[in-house]
Every structure is written in structure tokens, then in C-alpha cells.
Number of protein chains: 2
Amino acid sequence: MDHHSCQRQQADITQINRCKVRVAERSDTFTYLSKALELAGNPTRLKILYLLYKEKQLCVCDLSDILDMGISAVSQHLRKLKDREIINMTRQAQTLFYSVNREYNNLLKPFFRILDDQPSLALI
Amino acid sequence: MDHHSCQRQQADITQINRCKVRVAERSDTFTYLSKALELAGNPTRLKILYLLYKEKQLCVCDLSDILDMGISAVSQHLRKLKDREIINMTRQAQTLFYSVNREYNNLLKPFFRILDDQPSLALI
DNA sequence: TTATTATTTAAGCAATTGCTTAAATACGAT
DNA sequence: ATCGTATTTAAGCAATTGCTTAAATAATAA
């Protein structure tokens, strides 16, 4: 479908075409990044990811306790993260431990750093 | 409401309490970051943000052309970004130009860099 | 085997998202 | 004033999200 109903007279055709190329060339990267950001953009999931980053590994039960949420609700967040391979799972007896996948640990590190640098409010 | 129905026997109470403190101390930062990531996590909005970053400023009409989407749809994405002050707006005659707010430009720079580093598929 | 513990999965539902279409607003030119 | 251009805003709706509750699965212990 065409949408170019709006063409302002001073539109810079060169700029518009350059932008179309930028987007087209990076199509896969936009998909990759937006899927990761979409998942990290939920406050509960961002907390889960940060906690896994700090503690190396946690189980659904720990997270349920920490976040004061139902186990099932947390489990479903973990499932979404696991489905996109943002986190890994390992079993130790009955307990399933989750950890952040190395690749995504690096991708999200700038945000984890911001959370690390957070000055403690407890000092006020 | 209490949710701590699950208490595995080997649960590390010290770890759980440490995590609760981590989350509580960073409550505002989690909110701030997750709101930004939530907005950047939509593929259309990530493209808009990257294009504004590269081109300094664009109007809704340019973006509509580049992304092959209706002007109204793009305008509503811009509104969400403007409401959270992720982008700024300046008028030049009839045309409204949008640009990325400096603070969020820095916050999202790691992702913009990944998009910049994207090897051109045109070379294959 | 049966029970217990730890967890996932399925079903259901209210709230939110992202689009479409149509109406409203704002500035500029005649 | 009136018209054209550029854009936002409102209304409506299908699709998705994130929770709850209840049922299913998996490993261990008795």
C-alpha cells in the first residue's frame, strides 16, 4: 500500500532516499534490537535481568519472593526471555536456575552499568 | 498481597534480602529505564529514533515516506516519544521538525552504535 | 508406587497497543 | 476572510500483553 499522500514542497528527496537505504540495510538489526529492547522494556523483566546479572543465577522461586509476584507470573516472564535466548536455564535437582546469556549480557551492559552507578538512597 | 507460597528449602535468605534491597534502592531508575526501553522496543519507533539521530531532524511527513506508513500512525509514535521527552519538536513555518533529546541520545547511543557498525549488505 | 517439592503450562480476562479513518487545528498564501 | 498545506487528535477496533487460577509435568523422597 502507498502512503505518500504527504509531500511537502521543500522535501529533500536525497535525504529521504538515503534514509530508506539506511533502514533497508539494517532491517535485521532493527528486528534483533527491537525484540531485545521490547523484552527489557518491561519493568518486571528489567529487574529480573538485572538481578540475574548481579547474582549470576536465580530460580523462579527466588524471583517470586524478591519481586513479590506470583510464581506463575514470573515463570511466564522467564519463558519469554528464554524463548528469545536472552537467558539460559540449567537444572540442579528439582530447581531450575536461570542466567543471562553472554551475548545479551554484553548488549544490555550499558543499562546494567547505569543501575550499578545508582547512588544509594539509603545514604540520604 | 503475599506471594511467598514457594520457599525452597535451600533458599539463600541472605541473597534474597540483598536482592530486595537492590530492587528497592533502584526503583526510580528501573522505572526510568524501562519506560525508555519500552518505547525504543517498538521496531517503528527504534527506526524513527535512529533516523533522527543520523539526520539530526526530520518531520512526520519525511518519516511517513521513509517508513511507508500513514502520517497519522507515525504522528502517534512521535507523540509517545515527545510525551516522555525522548524527542523535541521545533516548528519551521508549517513544518514541525523532531529531534532526539540530548539525554536520550546518550542513553541510546550504544544501540545507535550497533546500527552504525552494521556492515553494509550492499557489499556482498 | 505414592507423595512432596519445584516448576511450567493452559485457559480466561481486563488493560494496553498500534493501526485506520475521519475530524480538528495551525500556519501561510492569495 | 478563505483556501491549501502540514500536522495532530479523536474514535473505533483487532491483536497483544500480563496477570490470575487451576491443571499438568518433572525430579526427589519415603
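Every value quoted in this text rests on a predicted model; they were computed, and no experiment measured them. Only this structure's heavy atoms are used, side chains among them; waters, hydrogens and symmetry mates stay out.
- The backbone N or O of B:Ser27 sits less than 3.5 Å from a side-chain atom of B:Thr31, completing a donor-acceptor pair.
- By the side chain to side chain contact (heavy atoms under 4.5 Å, CB included) test, A:Arg84 pairs with A:Lys35, A:Glu38, A:Leu39, A:Ile86, sequence neighbours left out.
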Between B:Tyr32 and A:Phe111, does a ring pair (Phe, Tyr, Trp, His ring centres under 6.0 Å) hold up when you go through it step by step?
CA-CA 11 Å; B:Tyr32 170 78; A:Phe111 297 100; 9.5 Å; no
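- The phosphate of C:dT17 has neither OP1 nor OP2 within less than 4.0 Å of any side-chain N or O from B:His77.
- Taking the nucleotide of DNA chain D with the nearest heavy atom to each of B:Val74 and A:Arg45, the more 5' of the two is matched to B:Val74.
- Taking atom CG of A:Leu39 as the reference point, atom C1' of D:dT16 lies 13 Å away to the nearest angstrom.
- If you check residues 79-87 of chain A against DNA chain C, the residues with a heavy atom closer than 4.0 Å are A:Arg79, listed by number.
- In this structure, B:Asn101 contributes its side chain and B:Asn88 its backbone to no donor-acceptor pair below 3.5 Å.
- Clustering ILVMFWY residues whenever any of their side-chain heavy atoms sit less than 4.5 angstrom apart, transitively, puts B:Val100 in the very cluster that holds B:Ile114.
- Salt-bridge check for B:Asp83 with B:Arg79: passed, with a basic side-chain N closer than 4.0 Å to an acidic carboxylate O.
- With respect to the salt-bridge test (charged N to carboxylate O, under 4.0 angstrom), the residues B:Lys54 and B:Asp116 qualify.
- The side chain of A:Ile71 lies closest to C:dT7, out of D:dT21, D:dT8, C:dT7.
- Side-chain proximity of A:Ser75 to the nucleotides C:dC19, D:dG18, C:dT9 is greatest for C:dT9.
- Distance, A:Leu67 CG to D:dT20 P: 12 Å, rounded to whole Å.
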Annotated protein contacts, base or backbone, on nucleotides 25-30 of chain D with a non-hydrogen cut-off under 4.0 Å, one of B, S, - each:
-SSS--
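- Looking at heavy atoms from C-beta onward, B:Asn17 lies out of side-chain contact with B:Val21 at the 4.5 angstrom threshold.
- In this entry the distance linking CE of A:Met69 with C1' of D:dT21 reads 15 Å, nearest Å.
- Distance, B:Leu78 CG to D:dA6 P: 16 Å, rounded to whole Å.
- The side chain of A:Cys61 sits closest to C:dT7 out of D:dC19, C:dT7, D:dG18.
- Computed from coordinates, the B:Asp65 CG to D:dA6 P distance equals 12 Å when rounded to whole Å.
- The phosphate of D:dT17 (OP1 or OP2) has no side-chain N or O of A:Asn42 nearer than 4.0 angstrom.
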Mind running ring pair (Phe, Tyr, Trp, His ring centres under 6.0 Å) on A:Phe30 and B:Tyr50 for me, showing each step along the way?
CA-CA 10 Å; A:Phe30 277 118; B:Tyr50 182 67; 5.8 Å; yes
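- Atom-to-atom, CG of B:Leu96 to P of D:dT5 comes out at 17 Å; the value is rounded to the nearest Å.
- Going from atom CD of B:Gln76 over to atom P of D:dT8 covers 10 Å, rounded to whole Å.
- In this entry the distance linking CZ of B:Phe97 with P of C:dC27 reads 16 Å, nearest Å.
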Verdict with reasoning, B:Cys19 to A:Glu55, per side chain to side chain contact (heavy atoms under 4.5 Å, CB included):
CA-CA 8 Å; B:Cys19 287; A:Glu55 302 290 333; 3.5 Å; yes
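- Counting distance only, with no hydrogens placed and no angle test, the side-chain atoms of A:Ser72 and the base atoms of C:dT9 include a donor-acceptor pair under 3.5 Å.
- The side chain of B:Glu38 sits closest to C:dT17 out of C:dC19, C:dT17, D:dT7.
- Looking at the side chain of A:Ala73, the nearest of the listed nucleotides D:dT7, D:dC19, C:dT7 is D:dC19.
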